[in-house]
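Written below as structure tokens is the structure these notes are about.
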Amino acid sequence: MKAASLLFVALALAGNALAQSYPTKPIRVIVGPGPDSLARVIGQQITLAWGQPVVVDQRGGGGGTISAEAVARAAPDGYTLLLATGTHTINPSMYKISYDMVRDFAPVTLLASTPFVLAVNPSVPAASVAELIRLAKAKPGTLNYGSGGSGTPPHLATELFKATAGVDMVHVPYKTVAAAIADLVAGRLQVMFTVGPAGLPQIQAGRLRGLAVSTAKRSAFAPDLPTVAESGLPSFDVFGWNGVLAPAGTPAPVIAKLQGEMVKALKLPEVRERIAGFGFEPVGSTPEEFGEFVKADIARWAKVVKESGARVE
């Protein structure tokens, strides 16, 4: 027992010493899928604070599995991080993957969130969520909805909407969100949960009709749009997010140092302004809170995938 206690103290001291000297070389943030803008903004602040460059490494493909696997297999020293998104917590239910999103990662912080916007082509005779539901029930299987690909958060958000509302709509997956929105504007699609930054300009220009935001509370980006929850589906609460994960086994003092600096950056007015420009709302959380969030998100999407029969097409 005494030897075990001494070992624990020795490890704690070693971890604290590592955190004090960390970082001594560039930090790499692996991004994929999604844009790298958020990682670059936070990385710039870390570079200013610590004097070490933060290198953003874009690794798309595999629906996010390539980026996650790279970080899961990296050395647990705080020098390789993952910019995680909702796609990463969906993937365990959609792909056969070689890593575990809980076991193989150490949560750092939830950085930011963004709403999805339920939008329709203006030709669709629905000016509210309730009217859309009535239309879909009257004409089951005739409304097509788009997404930026099978297994993406907007795809499964719509499957959750379908199940909650009791409606039948047909999924049309695209290779990119931009391609799906283009067809929604053109009328080849009728419905879509758009990612806020991509869909709102089209709504503001009158090329799409916004019906609601997917979050439990109204969004500052679209304050005039009601939520899906207040429009008749009270349990509905879905959003896009970005957070940071490190390889499992990364020393707790290093995780704490990373989390502290990132949350500090998120409080800076200039950072908040830039993040808002991307359509994101800063969050910031403890590693423990983010860890519980990741577990809950995995469980939620596993249920949606199982009940909807969603699969990669």
Side-chain angles (χ1 to χ4, degrees), residues 63-64 85-95 101 113-121 124-174 177 180-181 183-184 189-196 199 208-219 222 225-241 292-313:
T85 72
T87 299
H88 289 106
T89 49
I90 290 171
N91 284 345
S93 300
M94 298 291 290
Y95 293 90
M101 283 302 301
S113 66
T114 187
F116 300 133
V117 181
L118 181 59
V120 297
N121 181 274
V124 175
S128 66
V129 172
E131 290 180 4
L132 176 64
I133 292 172
R134 282 198 294 271
L135 178 64
K137 286 184 175 180
K139 298 181 178 181
T142 61
L143 294 178
N144 293 330
Y145 79 89
S147 76
S150 297
T152 57
H155 168 211
L156 293 188
T158 316
E159 289 298 326
L160 179 60
F161 176 84
K162 285 169 53 180
T164 308
V167 299
D168 179 21
M169 298 188 296
V170 179
H171 180 219
V172 183
Y174 288 75
V177 171
I181 290 179
D183 268 10
L184 183 63
L189 294 173
Q190 288 75 53
V191 187
M192 184 174 172
F193 268 107
T194 73
V195 179
L208 295 176
R209 181 186 302 128
L211 302 185
V213 293
S214 63
T215 43
K217 296 180 179 180
R218 293 198 182 200
S219 170
L225 286 181
T227 67
V228 173
E230 69 184 273
S231 301
L233 303 179
S235 64
F236 201 88
D237 180 21
V238 180
F239 52 89
W241 58 267
E292 291 304 312
F293 173 85
V294 167
K295 291 177 185 176
D297 220 38
I298 291 170
R300 173 211 284 236
W301 295 126
K303 184 173 185 290
V304 173
V305 169
K306 181 178 180 180
E307 292 179 351
S308 69
R311 56 190 174 85
V312 176
E313 299 176 16

Handout entry: Close side-chain approach of Pro153 to Thr87, heavy-atom, < 4.5 Å
Key = yes
Exercise for the section: Check the pair Asp237 / Thr215 against side chain to side chain contact (heavy atoms under 4.5 Å, CB included), numbers first and verdict last. Expected result: CA-CA 5 Å; Asp237 180 21; Thr215 43; 4.2 Å; yes
Practice task
Could you tell me whether the side chain of Val238 reaches within less than 4.5 Å of the side chain of Trp301, counting heavy atoms only?
Solution key: yes
Practice task
Check the pair Phe293 / Thr89 against side chain to side chain contact (heavy atoms under 4.5 Å, CB included), numbers first and verdict last.
Solution key: CA-CA 10 Å; Phe293 173 85; Thr89 49; over 6 Å; no
Practice task
State, with a plain yes or no, whether a side-chain heavy atom of Thr114 is found less than 4.5 Å away from one of Trp241.
Solution key: no
Practice task
Identify the heavy atoms of Met101 and Val294 that sit nearest to each other, and give their distance.
Solution key: O-CG1, 4.4 Å
Practice task
Identify the two heavy atoms, one from Tyr174 and one from Ala180, that lie closest to each other, and give their separation to 0.1 Å.
Solution key: CD1-CB, 3.6 Å
Exercise for the section: Answer whether the closest heavy-atom distance between the side chains of Leu208 and Met192 falls below 4.5 Å. Expected result: no
Practice task
Please assess Gln190 against Asn144 for the test side chain to side chain contact (heavy atoms under 4.5 Å, CB included), listing each intermediate value before the final yes or no.
Solution key: CA-CA 6 Å; Gln190 288 75 53; Asn144 293 330; 3.4 Å; yes
Practice task
Supply the atom-to-atom distance Arg300 CZ to Leu160 CG, rounded to the nearest 0.5 angstrom.
Solution key: 6.5 Å
Fill in the blank from the handout: So CG of Asp297 and CD1 of Ile90: to nearest 0.5 Å the spacing works out to 7.5 Å
Practice task
Just do the side chain to side chain contact (heavy atoms under 4.5 Å, CB included) check on Leu118 and Val191 with the steps written out, would you?
Solution key: CA-CA 7 Å; Leu118 181 59; Val191 187; 3.8 Å; yes
Fill in the blank from the handout: Closest non-hydrogen atoms of Asn91 and Gly63, given as atom of the first, atom of the second and distance, are ND2-O, 2.7 Å
Exercise for the section: Side-chain contact test, heavy atoms from C-beta onward, threshold under 4.5 Å: evaluate it for Thr152 versus Val177 and give yes or no. Expected result: no
Exercise for the section: Evaluate the side-chain proximity of Val120 to Leu143: yes if any heavy-atom separation is below 4.5 Å, no if none is. Expected result: no
Practice task
Please name the pair of heavy atoms, one in Leu156 and one in Val305, separated by the smallest distance, quoted to 0.1 Å.
Solution key: CD1-CG2, 3.7 Å
Problem - Nearest heavy-atom neighbours spanning Ser150 and Val312 - result: CB-CA, 3.8 Å
Exercise for the section: Kindly compute the distance separating CD (Glu159) from CE (Met169), expressed to the nearest 0.5 Å. Expected result: 8.0 Å
Exercise for the section: Would you check if Leu211 and Glu131 make a side-chain contact, meaning some heavy-atom pair closer than 4.5 Å? Expected result: no
Problem - Distance-only side-chain donor-acceptor flag, Ser147 / His171, under 3.5 Å - result: yes
Completion exercise
Taking every heavy atom of Tyr145 against every heavy atom of Lys162, the minimum-distance pair comes out as CE2-CD, 4.0 Å
Exercise for the section: Specify whether Phe236 and Phe193 have parallel, tilted or perpendicular ring planes, treating 30° as the upper limit for parallel and 60° as the lower limit for perpendicular. Expected result: parallel
Problem - Any side-chain heavy-atom pair of Phe116 and Thr158 under 4.5 Å - result: no
